Amino acid sequence: MHVTSKDFDEKARAAIADDQLQMGLFVFGKIFPLMRDAKAAELPEFEGLRDSARDIKTNVLENLGTYLDAFEARAEEAGGRIHWARTAEEANSIVERLCEEVGAKDIIKSKSMVTEELELNDHLIDKGYSVVETDLGEYIIQLRNEKPFHIVGPALHLNAGQVSDTFYEAHKKHGRTEKVEDKVKLVEEARIVLRERFKNADVGITGANFLVAETGQIVLVTNEGNADLTATLPKRHIVVTGIEKIVPTLDDLSVFLRILARSATGQDTSNYVSLYSGPRRARDADGPEQFDIVLVDNGRTDMLGTPVEEMLRCIRCGACLNSCPVFSTVGGQTYGSVYSGPMGAVWTPALASVSSAAKLPNASSFCGKCEEVCPVRIPLPSMMRHWREKEFEAHLTPSGQRWGLGMWAWLGKHPSLYRAATNLAGIGLRLISKGRSGKRLATWLPFIGQGWTQSRDLAVPQEPTFLSQYKEGRRR
Amino acid sequence: MTENSSTNGKRIGLFATCLVNTMRPRVGFASLKLLEDAGYEVSVPGDQTCCGQPNYNSGDRESARDFARSFIDQFKDFDYVVVPSGSCAAMAKVHYPRLFDDTDPEKADIDAIAARTFELVSFLTDMAGLTSIEGKNTTTVTYHDACSGLRELKIKQQPRTLLSSIDGLEIKEMEDAEVCCGFGGLFCVKYPDVSGEMVRKKSDEILKTDADAIVTGDVGCLLNMEGALARRGERTRAFHVAEVLAGLDKEDAS
């Protein structure tokens, strides 16, 4: 997984300066959380469903092998084939081989963040295949050669004008010479162009929201309908999905279906919920001739039994992104990883490495809103803290910060020196402070304090520390 | 302090927090007043330092454990430990027990002290049973729900109940009162651009209410919002909830 989170600060600055992006972030950061809260409030059992979802997933993770074996057996009984991929490379080669088997040229795709994680598109395109994303948002960012902005809304950062420009350039070769600006017409244009791709595709690749162990079915939860076309029109349907997506039974599935759309987009349910098992039968009107499921590990089993195991409960609803004040300030691309926001801050170090993703678990004010809304109750801040501990242990924390923390800890063990240091700090602050707006303000601070005075002043007290005044006998 | 016949016999150790100690001493004195007025005998152990949050949240778990150990030394003999900060109180109450395994010798002490530790306003309402505060104040305030207090200690209604009981005081709720102000401990200096933008948005919401003052329960968040408003040239005042409850907000801002 390619991670460029080292550039977080630079990208954050650019994102904050981008008025168009900020407008989009403002709307989405307000509306999705409001809708989520409204839908949750409508359902008295919502909190109970979250508990059930958490418990189901906990059981799954404790017995992952058992459920995966059951899933494999049922899926094969239905005529599907299961392929196990330990790494991204393995997964990509399996998909490539499956495409080769049917002499494919044109591949259509839908609904799979895990293939973004695997960078499957690049792999297949390198091997000479034509690969087209069919989710509208994914399609747009594919044309623009960008990474997804958000796991649920990959192109949420773009406005109609930008999409219009993109389509105008990209669709010329499809004989569309008129520039379209209207949103409805833009969707229509994408539909017309994509329709040809649907008809001609040899292979359809989708992800899966859930895998049902009891029935061997894969479940797709979508709003656009393109995933169903991708799954049914081409002669081969390849499902690429993470092993953690398993749920034991159809009853369990219903729990997740009731919280997923509500948490993600504030819908009661998504437009489409489709369950697939096996290729078309003799009397089926449609469906693929072959049905293959690639079950991807890519670091997931390494998370089992560790403090980040609970992250494997994630159902990719994006609620933590929608409600995160950092995400809604900087947007998804700032994170430099397929998975962004709070969930990405935990996933990315697990799947890539702590060193390559060090910026991410720190890019949180620990406000706890993500944990408050997570439908499967993942303690996201604690897990980010876990990665910070790993960074600290590995001496990846910036040396200035390490030194400062060491000093602070040392003062903590020497209370008289702690008092002397805080007294001194107070005196220093008073010396550099100036009177303004009826307050004494420091407008510039040295060292790490520069980060503070970049966008705010510091109100400085004109009295000695509380502990020294108390020691002198002041009580009130 | 001297024994006071009005005390209920329960002894409180006040943990002043680093930011109260250094940046807002008056919050410490306001806390003393509020707790004593509620009938408790209050002391401030002189060798207290920091709760260890900067180290804990930066991944320096070992140092955080040292801070927790010195917290035990300072406060083990009190009936309650009260902290005028949601985040420092949550550090002791919620996070200290997570720093020690059952096999650690300090485990029993830390669990016991965590159970006796409270944030100031929630202590006054939930433990001391206070429902109103004597006083007169004609200020209009808007209250910011600091994250740790809100989400880790469920402090939401308590400060509003006490503030609104003050004769003449009006609370004007801002939109997004529960959204983080961007302080986040070291977050504000490690990610100054993001933090600066978060507090800019917060300031917008504060200003929209036209309140005379922003009030909150954590000095860190308070300094963040106060500093951002001051940088913008705004005269909106900023108080810790204890200052307003103790009637100390009418004195000159120190």
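A, B, ... follow the sequence lines: proteins, then strands. Residue 1 opens every chain. On a predicted model such as this, the values are computed, not experimentally measured, just so you know.
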Contact origin within [X] toward chain B - heavy atom pairs under 4.5 Å:
X: Glu371(A); value: neither
X: Leu411(A); value: backbone
X: Gln450(A); value: neither
X: Ile16(A); value: side chain
X: Phe26(A); value: neither
X: Lys471(A); value: neither

Selection from [options] maximising heavy-atom pairs under 4.5 Å formed with chain B:
options: Asp9(A), Thr465(A), Leu445(A); value: Thr465(A)
options: Pro325(A), Gly368(A), Ala363(A), Ala12(A); value: Ala363(A)
options: Pro464(A), Ser364(A), Gly449(A), Ser468(A); value: Ser364(A)
options: Cys367(A), Ala425(A), Ala442(A); value: Cys367(A)
options: Arg440(A), Gln22(A), Lys30(A); value: Lys30(A)

For a quick test of reading the model, state the closest non-hydrogen atom pair linking [X] to [Y] and the distance between them.
X: Arg237(B); Y: Lys439(A); answer: CA-NZ, 4.5 Å
X: Ala230(B); Y: Arg436(A); answer: O-NH2, 2.7 Å
X: Pro461(A); Y: Thr22(B); answer: CG-O, 3.2 Å
X: Ser455(A); Y: Pro192(B); answer: OG-O, 4.1 Å
X: Lys201(B); Y: Thr329(A); answer: NZ-OG1, 3.1 Å
X: Met23(B); Y: Ala459(A); answer: CE-O, 3.3 Å

May I ask you to say whether Glu36(B) pairs ionically with Arg475(A), meaning some side-chain N is under 4.0 Å from a carboxylate O? no
Closer than 4.0 angstrom, basic N to acidic O: yes or no for Arg388(A) and Asp60(B)? no
Just so I know, are the side chains of [X] and [Y] near enough to count as touching, which here means a heavy-atom distance under 4.5 Å?
X: Cys188(B); Y: Trp452(A); result: yes
X: Leu32(B); Y: Phe466(A); result: yes
X: Ser195(B); Y: Arg456(A); result: yes
X: Val326(A); Y: Met198(B); result: yes
X: Cys18(B); Y: Tyr418(A); result: yes
X: Asp457(A); Y: Glu226(B); result: no
X: Arg476(A); Y: Leu248(B); result: no
X: Glu197(B); Y: Val330(A); result: no

Using heavy-atom distances under 4.5 Å, tell me whether [X] contacts chain A through its side chain, its backbone, both, or neither.
X: Leu229(B); value: neither
X: Cys181(B); value: neither
X: Phe187(B); value: side chain
X: Arg232(B); value: neither
X: Val27(B); value: neither
X: Leu34(B); value: neither
X: Gln48(B); value: both
X: Asp176(B); value: side chain
X: Ser31(B); value: neither

Are any side-chain N or O atoms of Arg474(A) and backbone N or O atoms of Phe29(B), one a donor and one an acceptor, separated by less than 3.5 Å? no
May I ask you to decide if Leu467(A)'s main-chain N or O and Asn21(B)'s side chain share a donor-acceptor pair within less than 3.5 Å? yes
Worked check of side-chain contact (heavy atoms from CB on, under 4.5 Å) between Thr453(A) and Arg231(B): CA-CA 9 Å; Thr453(A) 42; Arg231(B) 178 60 62 90; 4.0 Å; yes
Between Gln454(A) and Asp193(B), does a side-chain contact (heavy atoms from CB on, under 4.5 Å) hold up when you go through it step by step? CA-CA 8 Å; Gln454(A) 183 181 312; Asp193(B) 297 290; 2.8 Å; yes
Under the ring-ring contact (aromatic ring centres under 6.0 Å, His included) test, residues paired with His95(B) that sit two or more places apart: Tyr56(B)
Please name all residues satisfying side-chain contact (heavy atoms from CB on, under 4.5 Å) with Arg430(A), sequence neighbours left out, ordered by chain then number. Ile427(A), Val460(A), Gln462(A)
Checking an interface table here. Which of residues 66-76 of chain B come within a heavy-atom distance under 4.5 Å of chain A? Asp66(B), Phe67(B), Ser70(B)
Give the intermediate values and the outcome of side-chain contact (heavy atoms from CB on, under 4.5 Å) for residues Leu405(A) and Leu186(B). CA-CA 11 Å; Leu405(A) 291 166; Leu186(B) 292 179; 4.2 Å; yes
Residue-level contacts of residues 354-362 of chain A with chain B, using a heavy-atom cutoff under 4.5 Å: Lys359(A), Asn362(A)
Qualifying residue, where the test is salt bridge (charged side-chain N to carboxylate O under 4.0 Å, His left out) with Arg61(B) and the options are Glu393(A), Glu389(A), Glu391(A): Glu389(A)
With chain A, which of Gly227(B), Ala238(B), Ser87(B) has the greatest number of heavy-atom pairs at distances under 4.5 Å? Gly227(B)
